2 protein chains.
Amino acid sequence: MVRKPTSKETARKPNMREAILAAAEELFATNGFNAVSVRDIAQAAGANPGSVTYHFKTKDGLLLEIYRRHCGPMNLRRSELLAAAKRVRDLQDRLEAIVRAYVVPAFTSGSDLAGGGARFTRLRAVMSAEGNEVARRIIAQTFDDTSHAFIDAIHESLPHIPRTEIVWRSHFLLGALYYSLVTPERVARLSRGEADGSDAASAIEQLVQATVAAFQAPALDQTAPARRRAVASSKT
Amino acid sequence: MVRKPTSKETARKPNMREAILAAAEELFATNGFNAVSVRDIAQAAGANPGSVTYHFKTKDGLLLEIYRRHCGPMNLRRSELLAAAKRVRDLQDRLEAIVRAYVVPAFTSGSDLAGGGARFTRLRAVMSAEGNEVARRIIAQTFDDTSHAFIDAIHESLPHIPRTEIVWRSHFLLGALYYSLVTPERVARLSRGEADGSDAASAIEQLVQATVAAFQAPALDQTAPARRRAVASSKT
DNA sequence: ATGTGATTTGTACTATCGTACAAAAGATCA
DNA sequence: TGATCTTTTGTACGATAGTACAAATCACAT
């Protein structure tokens with residue numbers, strides 16, 4: 001038997017709910033939350049504005065559902081890759097593997113949708129910049145566990161660096177990651193066309209390489225703040 | 001004579017124009033462009049909504065004026081610091097001075113207003129995330145020269161790294177910089193209160209230290225792509 | 001085929017948006 | 001003081017926002 005799926009399950013092609021989610025994700029990620037209207041989303045999805053209300057009740061509810069859809073799979077994938085990375089023996093290699101485990105799912109698919117990882121990460125970047133309340137709540141209670149796991153793992157492979165500095169550097173990593181997804185065309189522009197900021201593969205390699213080096217930098221070590229390098233004539 | 005200033009020049013206290021600019025800058029930087037209404041801005045500035053129209057014609061015009069106000073002084077300060085940094089003899093020290101010249105004006109005042117630099121930088125971060133058209137135009141034609149100057153200066157102190165990779169890494173620097181200003185509370189949260197993300201001084205030190213190390217990382221070198229490190233069991 | 005629940009459509013309501021504009025108020029100088 | 005220019009105020013208008021809701025339509029088990 002062919003087993004035609006029930007509408008309660010996943011319908012095949014004309015799934016309005018999914019189309020709305022995808023359209024909203026795309027529009028929110030590129031224009032921000034407030035710049036996009038429910039009518040914009042409906043039009044992009046080929047749906048009726050009222051249909052959005054039916055499926056998600058409110059605009060906030062729609063954003064919430066986008067997060068729900070992605071958070072689980074993405075964190076799962078990261079956890080798997082982190083577990084694998086922690087088994088790497090060589091400390092240098094392990095650090096790189098850990099960073100890669102953090103970066104790769106953010107750039108590529110982390111769920112059913114192809115390329116959904118990058119789009120969702122970009123969405124998170126934009127929501128965080130806008131200070132979106134819905135996003136802030138979800139992020140703190142969903143991603144902080146994973147973030148701590150990564151920070152701890154990195155700390156284990158760099159025991160001589162204070163945890164506080166690991167936090168700072170992983171924060172920088174996330175910022176660099178976000179920004180790479182938000183304005184990839186800037187890389188192409190500044191490199192005069194020699195680099196393609198939209199190429200996920202090279203973005204990942206560049207980011208991993210740079211970040212590993214950043215993590216390995218000597219600690220500032222606030223317990224011994226003696227070493228203060230002079231900057232030539234910084235006062236005008 | 002006391003020389004009461006003409007209204008054409010800078011009036012002393014009840015300068016509505018300045019108050020509106022400051023309020024708009026603050027609100028845009030924390031909530032994004034579209035989430036803030038002209039009425040919100042007027043109220044925060046203690047002004048009448050119509051007054052905003054009078055001084056800046058449109059909401060876009062207001063944003064434009066904020067950029068105009070800051071871009072000049074900030075780039076000037078950066079150029080001064082960059083020129084000083086390029087005079088540093090030791091290559092390692094010079095690199096650090098260059099990075100510092102890029103970072104410091106973004107975190108502190110770059111204009112007349114105290115703390116204006118950080119607020120303006122945060123504004124730029126948010127506008128770039130939202131893909132704001134007005135901001136995009138100004139940024140490309142105002143900051144790209146400075147960005148190229150910094151990239152070239154860094155390249156000179158790291159001649160063995162391809163320029164393309166310098167571009168990537170300075171792009172990461174800007175992303176980290178932006179993100180540090182957008183969500184400083186995340187640093188405090190993840191470090192369990194041990195670090196203060198809002199402390200500009202430590203943010204600068206951490207960022208400079210990490211970034212210098214990132215710039216000094218060996219090049220990926222696309223001409224010799226042989227060295228490909230294996231990552232343990234990255235497929236599930 | 002028909003009834004039933006799920007979905008889609010169309011429309012309407014209220015709130016708020018950006019902006020325009022006339023009138024009031026304030027400042028400047030002969 | 002009175003004339004003139006700048007600034008502020010108050011109000012209004014059209015557009016669009018989010019959301020509610022009844023009617024129409026669809027999918028599917030019986």
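Each chain gets a letter, A, B and so on, in the order the sequences are listed, and its residues count up from 1. Note that the structure is predicted; figures quoted are calculated from it, not measured.
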### Query
Just how far, in rounded Å, is P of dG18(C) from CZ of Phe28(B)?
8 Å
### Task
Find the distance Ile41(A):CD1 to dA17(D):C1' and express it as a whole number of Å.
12 Å
### Message
If I take atom CD in residue Gln43(B) and atom P in nucleotide dC17(C), what distance separates them, rounded to the nearest angstrom?
### Response
11 Å
### Query
Given atom CZ of Arg39(B) and atom C1' of dT11(D), what is their separation to the nearest angstrom?
11 Å
### Task
May I ask you to say what Ser51(A) touches in the nucleic acid, namely base, sugar-phosphate or nothing, with a heavy-atom cut-off under 4.0 Å?
base
### Side-chain donor/acceptor of Thr211(A) to backbone N/O of Val208(A), under 3.5 Å
no
### Query
For Asn48(B) and dT8(D), is the shortest distance between a side-chain N/O and OP1 or OP2 below 4.0 Å?
no
### Message
Main chain of Phe56(B), side chain of Glu65(B): is a donor-acceptor contact present, judged purely on distance under 3.5 Å?
### Response
no
### Query
Just wondering, more than 12 heavy atoms not from Glu185(B) lying within 6.0 Å of its CD?
yes
#### Entry: Contact summary for Trp168(B) and Gly197(A), nearest pair of heavy atoms
CH2-CA, 3.7 Å
### Query
Just how far, in rounded Å, is C1' of dA17(D) from NZ of Lys59(A)?
8 Å
## Note on the structure
Ile20(B) atom CD1 is separated from dT7(D) atom P, nearest whole Å, by 11 Å
### Working for side chain to side chain contact (heavy atoms under 4.5 Å, CB included), residues Leu62(A) and His55(A)
CA-CA 8 Å; Leu62(A) 173 53; His55(A) 283 292; over 6 Å; no
## Note on the structure
Closest to the side chain of Ser37(B), out of dA20(C), dC17(C), dT19(C), is dC17(C)
### Message
dT19(D), OP1 or OP2 - any side-chain N/O from Thr53(A) closer than 4.0 Å?
### Response
no
### Query
Roughly, in whole Å, what's the span from CZ in Arg17(B) to C1' in dG26(C)?
19 Å
### Task
Report yes if at least one side-chain N or O of His55(B) is closer than 4.0 Å to OP1 or OP2 of dT8(D); otherwise report no.
yes
### Query
In whole Å, what is the span from the CZ atom of Phe56(A) to the C1' atom of dG18(D)?
16 Å
### Query
Looking at Tyr54(A), does any N or O in its side chain come under 4.0 Å of the phosphate oxygens OP1/OP2 on dT7(C)?
yes
### Message
Heavy-atom nearest nucleotide on DNA chain D for Asp40(A) versus Gly50(A): which residue maps closer to 5'?
### Response
Asp40(A)
